[in-house]
2 protein chains.
Amino acid sequence: MRADTPIYLQVADDLARDIAHAEAGTALPSETELARERGVHRQTARAALEELERRYLVRREQGRRSLVARRLDYRIGPDTPPSWTETIRRAGATPTLRTESLGPRKPPSWVRERLAVGNDAMLLLLKRLRYVDGELAGCSDSWIVDELVRGLHQRLGDGGSLHLTFANYGLTPVRSWTRAEFVFATPGIARRLAVSGRPMVLQLNGQTDSARHRRPIELTTSWLRSDFFRVIYETTGDER
Amino acid sequence: MRADTPIYLQVADDLARDIAHAEAGTALPSETELARERGVHRQTARAALEELERRYLVRREQGRRSLVARRLDYRIGPDTPPSWTETIRRAGATPTLRTESLGPRKPPSWVRERLAVGNDAMLLLLKRLRYVDGELAGCSDSWIVDELVRGLHQRLGDGGSLHLTFANYGLTPVRSWTRAEFVFATPGIARRLAVSGRPMVLQLNGQTDSARHRRPIELTTSWLRSDFFRVIYETTGDER
DNA sequence: ATGAAAAAGTCGTCTAGACAAGTTTTGTGC
DNA sequence: GCACAAAACTTGTCTAGACGACTTTTTCAT
């Protein structure tokens with residue numbers, strides 16, 4: 001039963017067991033060391049470490065050794081708070097935001113439909129990077145109906161929460177639509193996330209309405225690196 | 001901008017574009033052919049095809065060429081029907097079940113807690129394989145409180161739906177807890193699913209209560225091959 | 001025609017070696 | 001001690017070739 005498992009998987013499974021209770025950030029043996037320890041070729045040892053990277057158990061970076069990964073629980077469900085900032089805080093980490101760009105732009109058709117605006121309407125496009133404890137963990141595009149939030153540029157600042165800023169305008173934001181799906185990073189998203197390859201990311205779509213005006217305020221798509229988050233969907237007490 | 005992308009990724013991205021609208025089951029060039037076409041080594045062409053397999057765009061099997069994959073939408077959310085059979089039907093495919101084993105067994109502690117049974121209680125453990133249009137797509141373990149459903153063995157048959165059978169006993173099953181999470185297949189799960197390696201699977205946990213008795217009937221954990229399903233979580237009109 | 005055996009095609013895995021590019025460590029001059 | 005350059009280490013990618021195992025096709029005897 002051991003013989004029919006490829007060597008690189010045996011090595012990977014062994015390492016996985018070894019680091020199961022290791023602290024995040026602990027260094028693993030280098031490819032060369034691992035190859036010597038197990039008496040295999042470097043490419044075989046390398047395949048084992050790549051397997052652990054695919055399982056999100058280790059983080060790899062060129063020139064550095066593999067490190068034991070840290071993963072946050074990202075909980076989604078009926079009680080999910082509409083704000084990403086809030087979700088990360090609940091998971092016990094510190095969220096930060098950085099604006100990449102903010103300006104008027106012509107929205108694509110699916111955004112126009114969702115936000116119920118005309119064919120040649122212009123909307124604010126806010127592109128941001130999302131950090132967890134200082135590490136780049138995701139990015140997002142927000143399409144904003146700017147006539148409800150004139151002068152957003154000043155009030156939002158660089159790292160401000162969009163939902164808190166809406167509250168400053170006297171708006172009561174409510175999340176009216178949520179969608180979560182795993183997709184593979186496009187070349188553009190991979191570049192923004194500064195990752196190589198085309199890794200899996202959690203794509204979150206959320207629409208926020210103004211309770212008072214009874215109309216949509218914004219539509220945000222976020223892409224979160226799935227090596228940072230373990231996504232759990234949970235409901236309890238569903239009555240049907 | 002093209003030069004700094006590794007060749008295997010260029011080939012993979014090109015192929016992904018080519019097969020984007022291809023019919024499921026269409027054959028791709030073999031590793032050797034692809035290597036000759038693109039003037040690269042077989043290992044490089046192979047890396048490209050492996051990349052597409054990781055993205056669930058193609059299905060690979062030893063001895064056969066890579067085939068364009070078919071993927072179903074598996075929708076979860078507040079309106080998710082409690083029955084897997086029903087979920088697959090809604091996605092436009094035919095679900096089948098096959099019993100691997102059914103018998104009394106001592107449940108682990110987390111099951112005892114969830115089902116609120118004593119420390120030395122015995123429960124029925126039902127292990128099943130789940131097929132979609134005849135292809136093995138998942139497996140499941142169900143822990144059943146058998147005093148509510150005496151003689152389940154006969155009434156369930158081989159491919160019967162658990163929820164429909166409960167209805168036969170005059171029970172009104174309601175889903176009281178749902179949890180979905182991506183995990184990597186353990187060696188045991190990989191064997192049951194007849195897949196090589198340790199692929200990602202969607203792990204679904206569901207608890208069913210009897211509306212009349214106001215107590216749990218069963219607890220099911222399913223593991224679904226994620227190359228079969230694209231999981232989408234969606235809510236609309238969340239009022240909060 | 002049919003069925004079994006042989007051949008060809010194909011994928012899975014492993015070893016071997018090379019070079020590029022990134023990071024860490026070491027050494028040197030000041 | 002400090003800054004900077006060089007060396008050592010480490011990972012990313014690619015080529016080359018081999019063998020085993022599985023699948024499909026062809027061949028051949030009946």
Side-chain angles (χ1 to χ4, degrees), chain A residues 1-15 25-54 57-69 135-136 185 187 190-191 194-199 227, chain B residues 1-15 25-54 57-69 135 187 190-191 194-199 227:
Chain A
M1 58 176 288
R2 198 64 203 267
D4 61 1
T5 305
I7 298 173
Y8 81 93
L9 257 190
Q10 294 181 26
V11 176
D13 287 341
D14 288 352
L15 282 176
T26 309
L28 275 75
S30 75
E31 295 177 354
T32 318
E33 281 176 7
L34 189 58
R36 190 162 34 74
E37 284 173 17
R38 310 278 309 214
V40 296
H41 191 265
R42 185 192 142 207
Q43 295 295 356
T44 307
R46 176 180 172 76
L49 291 169
E50 281 176 337
E51 173 70 24
L52 296 186
E53 185 182 32
R54 275 195 291 278
L57 294 179
V58 308
R59 201 75 65 73
R60 283 160 65 74
E61 208 173 328
Q62 183 169 346
R64 282 191 186 146
R65 294 176 168 223
S66 306
L67 303 179
V68 174
E135 278 194 281
L136 181 56
R191 202 179 322 115
V195 291
S196 62
R198 306 286 177 263
D227 55 345
Chain B
M1 64 174 285
R2 197 63 201 268
D4 62 0
T5 305
I7 298 173
Y8 82 92
L9 257 189
Q10 295 182 25
V11 176
D13 287 342
D14 288 351
L15 282 176
T26 309
L28 274 76
S30 75
E31 296 177 355
T32 318
E33 280 175 9
L34 189 57
R36 190 162 34 74
E37 284 173 16
R38 310 279 309 213
V40 295
H41 191 264
R42 186 193 141 207
Q43 294 296 355
T44 306
R46 176 180 172 75
L49 291 169
E50 281 175 339
E51 173 70 23
L52 296 186
E53 186 182 32
R54 275 194 292 277
L57 294 178
V58 308
R59 201 75 66 74
R60 282 160 66 73
E61 208 172 329
Q62 183 169 348
R64 283 194 186 140
R65 294 175 168 226
S66 305
L67 303 179
V68 174
E135 278 194 281
R191 202 178 324 115
V195 291
S196 61
R198 306 285 178 261
D227 56 345

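Values below: all heavy atoms of this structure, side chains included; hydrogens, waters and symmetry mates excluded. Protein chains get the first letters and strands the later ones, always in sequence-line order, with residue 1 at the start of each.
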- prompt: Can you list the residues that meet the side chain to side chain contact (heavy atoms under 4.5 Å, CB included) rule with A:Ser196, with sequence neighbours excluded?
  reply: none
task: Could you list the residues that satisfy side-chain hydrogen bond (donor to acceptor under 3.5 Å, both in side chains) with B:Arg46, not counting sequence neighbours?
output: B:Glu31, B:Glu50
field: Which residues share a side-chain hydrogen bond (donor to acceptor under 3.5 Å, both in side chains) with A:Glu51, sequence neighbours left out
entry: A:Arg54, A:Arg55
field: First and last nucleotide of DNA chain D, 5' to 3', lying under 4.0 Å from heavy atoms of chain A
entry: D:dT10 to D:dC14
field: Residues forming a side chain to side chain contact (heavy atoms under 4.5 Å, CB included) with A:Ser30, sequence neighbours excluded
entry: A:Thr32, A:Glu33, A:Arg65
Which residues share a side chain to side chain contact (heavy atoms under 4.5 Å, CB included) with A:Ala47, sequence neighbours left out: A:Tyr8
- line: The residue, A:Glu61 or A:His41, whose nearest nucleotide of DNA chain C is more 5′ is A:His41
field: Sub-4.5 Å side-chain heavy-atom contact between B:Arg36 and B:Arg42
entry: no
task: Report the residues that fulfil side-chain hydrogen bond (donor to acceptor under 3.5 Å, both in side chains) with B:Gln62, sequence neighbours left out, ordered by chain and then residue number.
output: none
Table of protein N/O atoms under 3.5 Å from nucleotides 8-10 of chain C N/O atoms:
unit_1 : atom_1 : unit_2  : atom_2 : d
C:dT10 : OP1    : B:Arg65 : NE     : 3.2
C:dT10 : OP1    : B:Arg65 : NH2    : 2.4

task: To the nearest Å, give me how far apart CD1 (A:Ile7) and C1' (C:dG12) are.
output: 12 Å
query: Side chains of A:Leu15 and A:Val58: does their closest heavy-atom pair fall under 4.5 Å?
result: no
query: Does A:Arg64 have any side-chain hydrogen bond (donor to acceptor under 3.5 Å, both in side chains) partners at least two apart in sequence or in another chain, and if so, which?
result: A:Glu61
Set of residues satisfying side chain to side chain contact (heavy atoms under 4.5 Å, CB included) with respect to A:Leu67, sequence neighbours excluded: A:Ala27
message: With the threshold set at under 4.0 Å for non-hydrogen atoms, list the residues of residues 42-52 of chain A touching DNA chain D in residue-number order.
response: A:Arg42, A:Gln43, A:Arg46
